Amino acid sequence: PSIMNSLLKPQKLWYRLHSSKSCLTDLSNEIKTASKVTVPIDITKPAFGDVFEKDENWANDVYEARIYIKGNNAYLRYIDAYKVKSEYQTKADASKLYISFNALDEFGNYPILFYGGAQEIVTDNKTVMLTPISSDIVLNEQEVYNDDKDGLEVSLLEDMYAYYNVFDGVSVSTETKKAFAITSESFKTQVKTALDGVTAAVYQNGSVLNNVTVGTDGIIAAGTLKDNKPNNGFFFTLGDKYFSVCKNNLDGGNVYDKLDIYTLYVPAWAAMNTPAITFNNNNVQVKFEGTNGETVTTTGDDITFKPTAESSTLRITFEDATGMKYVRDIKVQKVQ
């Protein structure tokens, strides 16, 4: 029964009776000494693709892994990368998969850290780091982030594999477990930063302005919606999520104002509120500045930016809790 529960299908079964001559005194007499019986079994294990299917984060053989943040550390998540097919729902468990990572150089530096059960092993004559898919997979920021922490030095991880032991939970030898592991096809991982794709823009009648014109008061009005989409004013966006930019939404006082899962705040504005925001997890600091040295202030609830020249650039810097920075610029000119 344990064999059947482990996805293995017996194909042929035959018996062979081995008897030594000393055990047989006469063919007509009863065999007096017990004979040794061997039971060879020809077993076929299922292919990885027969048991598991990919989730929606795949594009052919490339898995998109967006960094998520716990505390001040960057993590990768593969727990939902594979799902068990319906016919194997009671026989397999995708949370028991393992993922292999290759070293980035000849010095054995990996894109992830030894954490959460990760271990270095030799498989197919190659040394890799193998980690449980269900564990916290800690990114090696020193190797993956660039020196300025404004982008990734390594964004594509190649020649990776997922492994599953069909004897998981069954008491068998290590050799048997190795013999009956099933392996995915080689795949790649496209690593994306936590706020990859974030934008800062001013809208007019539903369209993004390439050049923003401000009056003498320098006010850039908070964003307003039409048909549940950005219509006029200042917005941050991430994917299909949006955030109206104004002081009230950036002072940490309204916990419901988020950009997707992220709480955005300007530290100086948030300092006016209690409790203080801790710079960790999904909290993101926002900084406004003018590239000509202008100071960004507020008028009421609106952002105020007064170019010192005929035109200037309003620079917005998002910083996530791992220290990764995302710089976005908006061209601003004075009203003529």
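Keep in mind the model is a prediction, meaning the values are calculated, not measured.
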* Going by the side chain to side chain donor-acceptor pair (under 3.5 Å) test, which pairs reach into residues 92-108, not counting sequence neighbours? -> Asp93-Ser95, Lys96-Asp168, Asn102-Lys126, Asp105-Asn109
* **Contact check, side chains of Ser135 and Ile137, non-hydrogen atoms, under 4.5 Å** => yes
* Output the distance between atom CG (Asp320) and atom CD (Gln285), rounded to the nearest 0.5 Å. => 10.0 Å
* Asked: Are Leu130 and Leu97 in one and the same hydrophobic cluster, where Ile, Leu, Val, Met, Phe, Trp and Tyr link if side-chain heavy atoms are under 4.5 Å apart?
  -> no
* Structure fact -> Note: with side-chain heavy atoms under 4.5 Å as the link, the other cluster members for Phe107 come out as none
* Structure fact -> Across all chains, not counting sequence neighbours, the salt bridge (Lys or Arg N to Asp or Glu O under 4.0 Å) partners of Lys192 are Glu64
* To do: Examine the side chains of Asp329 and Thr313 and answer whether a donor and an acceptor come within less than 3.5 Å of each other.
  => no
* Once you round to the nearest 0.5 Å, how far does OG1 of Thr297 lie from CD1 of Ile303? -> 8.5 Å
* Structure fact -> So the side chain to side chain donor-acceptor pair (under 3.5 Å) pairs with at least one residue in residues 148-158 (sequence neighbours excluded) are Asn146-Asp150
* To do: Output yes when a side-chain donor or acceptor of Ser244 lies under 3.5 Å from a complementary backbone atom of Gly223, and no otherwise.
  => yes
* Would you call Ile182 and Val51 a side-chain contact if the rule is heavy atoms closer than 4.5 Å? -> yes
* To do: Enter the distance from Leu152:CG to Gln190:CD here, rounded to the nearest 0.5 Å.
  => 9.0 Å
* Check for a donor-acceptor pair, side chain of Glu294 on one end and backbone N or O of Asn292 on the other, with a separation under 3.5 Å. => yes
* Least distance between heavy atoms, Asp260 atom then Lys258 atom -> O-CB, 3.5 Å
* Asked: Under 6.0 Å from the CD atom of Glu185, do we count more than 12 heavy atoms belonging to anything else shown?
  -> no
* Do the non-hydrogen side-chain atoms of Thr317 and Tyr326 ever get within less than 4.5 Å of each other? -> no
* Any side-chain heavy-atom pair of Asp61 and Lys188 under 4.5 Å -> yes
* Listed by chain and number, what are the ring-ring contact (aromatic ring centres under 6.0 Å, His included) partners of Phe48, not counting sequence neighbours? -> Phe52, Tyr82
* Asked: How far does CG of Leu195 sit from OH of Tyr262, to the nearest 0.5 angstrom?
  -> 5.0 Å
* Side-chain donor/acceptor of Asp301 to backbone N/O of Asn248, under 3.5 Å -> yes
* **ILVMFWY cluster membership beyond Tyr242 - transitive side-chain contacts under 4.5 angstrom** => Tyr203, Val208, Leu225, Phe235
* Consider only side-chain heavy atoms of I, L, V, M, F, W and Y, link residues closer than 4.5 Å, and tell whether Leu76 and Tyr161 are in one cluster. => no
* Is a side-chain donor or acceptor of Asp50 paired with a backbone partner of Ala47 at a separation under 3.5 angstrom? -> yes
* To do: Could you pull out all residues at least two apart from Thr127 that satisfy side-chain contact (heavy atoms from CB on, under 4.5 Å)?
  => Tyr110, Glu120, Val122
* To do: Hydrophobic side-chain clustering at under 4.5 Å (ILVMFWY, transitive links): who's grouped with Tyr265? Put none if nobody.
  => Ile277, Phe279
* Side-chain touch Leu157/Tyr63, heavy atoms, less than 4.5 angstrom -> no
* **Short side-chain donor-acceptor distance under 3.5 Å, Thr304 and Thr298** => no
* **Spacing of CD1 belonging to Ile330 relative to CZ belonging to Arg328, to within rounding of 0.5 Å** => 11.0 Å
* To do: Count the heavy atoms of every other residue, nucleotide or ligand shown that sit under 6.0 Å from NZ of Lys287, and state whether that count exceeds 12.
  => no
* **Any donor-acceptor N or O pair under 3.5 Å, side chains Tyr145, Thr193** => no
* Counterpart residues, salt bridge (Lys or Arg N to Asp or Glu O under 4.0 Å), relative to Glu53 (two or more places apart) -> none
* Are any of the side-chain heavy atoms of Asn232 and Asn205 separated by less than 4.5 Å? -> yes
* Over 12 foreign heavy atoms within 6.0 Å of CG, Asp147 -> no
* Do the non-hydrogen side-chain atoms of Met160 and Tyr78 ever get within less than 4.5 Å of each other? -> yes
* Determine whether more than 12 heavy atoms belonging to other residues, nucleotides or ligands lie under 6.0 Å from atom CG of Asp217. => yes
* Linking directly or through intermediates, with side-chain heavy atoms under 4.5 Å: list the remaining ILVMFWY members grouped with Tyr115, chain and number order. => Tyr68, Tyr75, Leu113, Val138
* Starting at CG of Leu314, measure out to NZ of Lys331 and round the result to the nearest 0.5 Å. => 13.5 Å
* To do: Indicate whether the side chain of Glu141 and that of Thr322 have a donor and an acceptor atom separated by less than 3.5 Å.
  => no
* Decide whether Ile121 and Phe180 are clustered together by the hydrophobic rule: side chain heavy atoms of Ile, Leu, Val, Met, Phe, Trp, Tyr closer than 4.5 Å, transitively. => no
* **Expected output: side-chain Asn283 to main-chain Thr278 donor-acceptor under 3.5 Å** => yes
* N-O pairing of Asp55 and Lys83 below 4.0 Å -> no
* **Verdict with supporting geometry, Thr291 and Ser312, side-chain contact (heavy atoms from CB on, under 4.5 Å)** => CA-CA 7 Å; Thr291 55; Ser312 185; 3.8 Å; yes
* Listed by chain and number, what are the salt bridge (Lys or Arg N to Asp or Glu O under 4.0 Å) partners of Lys70, not counting sequence neighbours? -> Asp136
* Asked: So, the side chain of Lys54 versus the backbone of Ala81: is there a donor-acceptor pair under 3.5 Å, distance only?
  -> no
* **ILVMFWY cluster, Ile219 and Val202 together (side-chain gap under 4.5 Å)** => no
* **Phe236 and Phe318: CA distance, side-chain angles, deciding distance, ring-ring contact (aromatic ring centres under 6.0 Å, His included) verdict** => CA-CA 11 Å; Phe236 298 148; Phe318 304 90; 4.8 Å; yes
* In terms of hydrophobic clusters joined by side-chain contacts under 4.5 Å, are Trp269 and Val296 together? -> yes
* Give a yes or no on whether the backbone of Ala162 and the side-chain of Ser184 come within a donor-acceptor separation of less than 3.5 Å. => yes
* With the side chain counted from C-beta on, respond yes when Val191 and Ile67 share a heavy-atom pair under 4.5 Å apart, and no when they do not. => yes
* Report the residues that fulfil salt bridge (Lys or Arg N to Asp or Glu O under 4.0 Å) with Asp80, sequence neighbours left out, ordered by chain and then residue number. => none
